[in-house]
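Step one of this worksheet: look at the structure below.
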Amino acid sequence: DAKPPSHGHITSLAVLRTHRKRGIATALMRRSQVEMHEVFGAEYVSLHVRKSNRAAFHLYNETLRYEISDIERGYYADGEDA
């Protein structure tokens with residue numbers, strides 16, 4: 001039996017509002033990806049993002065080139081999709 005590919009998952013990432021636009025989130029994500037691959041053999045990284053979080057969508061989709069693989073309807077407690 002073939003095992004599914006090993007992957008990492010980002011649970012939470014936050015940068016103080018006063019420290020945004022300095023590349024901190026990008027650096028944290030890139031380093032996390034490298035470490036997950038080198039330490040755990042992760043072939044990809046997954047995460048959830050609020051549909052309304054435009055800054056996060058830009059970071060993950062435009063800057064880091066993550067792809068949307070699925071939409072989880074009502075993922076958040078307030079009913080918003082991820």
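Quantities reported herein were computed from a predicted structural model and do not represent experimental measurements.
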(message) Give me each pair satisfying side chain to side chain donor-acceptor pair (under 3.5 Å) with a member in residues 55-71, each pair once, sequence neighbours excluded.
(response) Gln33-Tyr66

(message) Test of understanding: clusters of I, L, V, M, F, W, Y form through side-chain heavy atoms closer than 4.5 Å, transitively. Do Phe40 and Val34 belong to the same one?
(response) no

(message) I'd like to know if Leu28 and Met36 are part of one continuous hydrophobic network [Ile/Leu/Val/Met/Phe/Trp/Tyr, side-chain heavy atoms within less than 4.5 Å].
(response) yes

(request) Heavy atoms only: give me the nearest Gly8-Ala42 pair and the separation to one decimal. (result) N-CB, 3.6 Å

(message) Give me the atom names and distance for the closest heavy-atom approach of Arg22 to Thr18.
(response) NH2-O, 3.5 Å

(request) Check the pair Leu59 / Leu13 against side chain to side chain contact (heavy atoms under 4.5 Å, CB included), numbers first and verdict last. (result) CA-CA 11 Å; Leu59 170 66; Leu13 175 70; 4.3 Å; yes

(message) Are the side chains of Met29 and Leu47 in contact, using a 4.5 Å heavy-atom criterion?
(response) yes

(request) Would you indicate whether His37, at its atom NE2, is surrounded by more than 12 heavy atoms from other residues, nucleotides or ligands within a distance under 6.0 Å? (result) no

(request) Working to the nearest 0.5 Å, report the span between NZ of Lys21 and OG1 of Thr26. (result) 9.5 Å

(request) Give the minimum heavy-atom separation between Ser6 and Gly41, together with the two atoms involved. (result) CB-O, 3.7 Å

(message) Side chains of Ser32 and Ile10, heavy atoms from C-beta outward: is any pair under 4.5 Å?
(response) yes

(message) I'd like to know if the side chain of His7 reaches the main chain of Glu43, judged simply by a donor and an acceptor atom lying under 3.5 Å from each other, with no hydrogens or angles considered.
(response) no

(request) Search all heavy atoms of Glu80 against all heavy atoms of Lys51 and return the closest pair with its distance. (result) OE2-N, 3.3 Å

(request) Spell out, yes or no, whether Ile68 and Val45 are grouped together once hydrophobic residues are joined by side-chain heavy atoms under 4.5 Å, including indirect joins. (result) yes

(request) Check the hydrophobic clustering (I, L, V, M, F, W, Y; side-chain heavy atoms under 4.5 Å; chains of links allowed) and say if Tyr75 and Phe57 are grouped together. (result) no

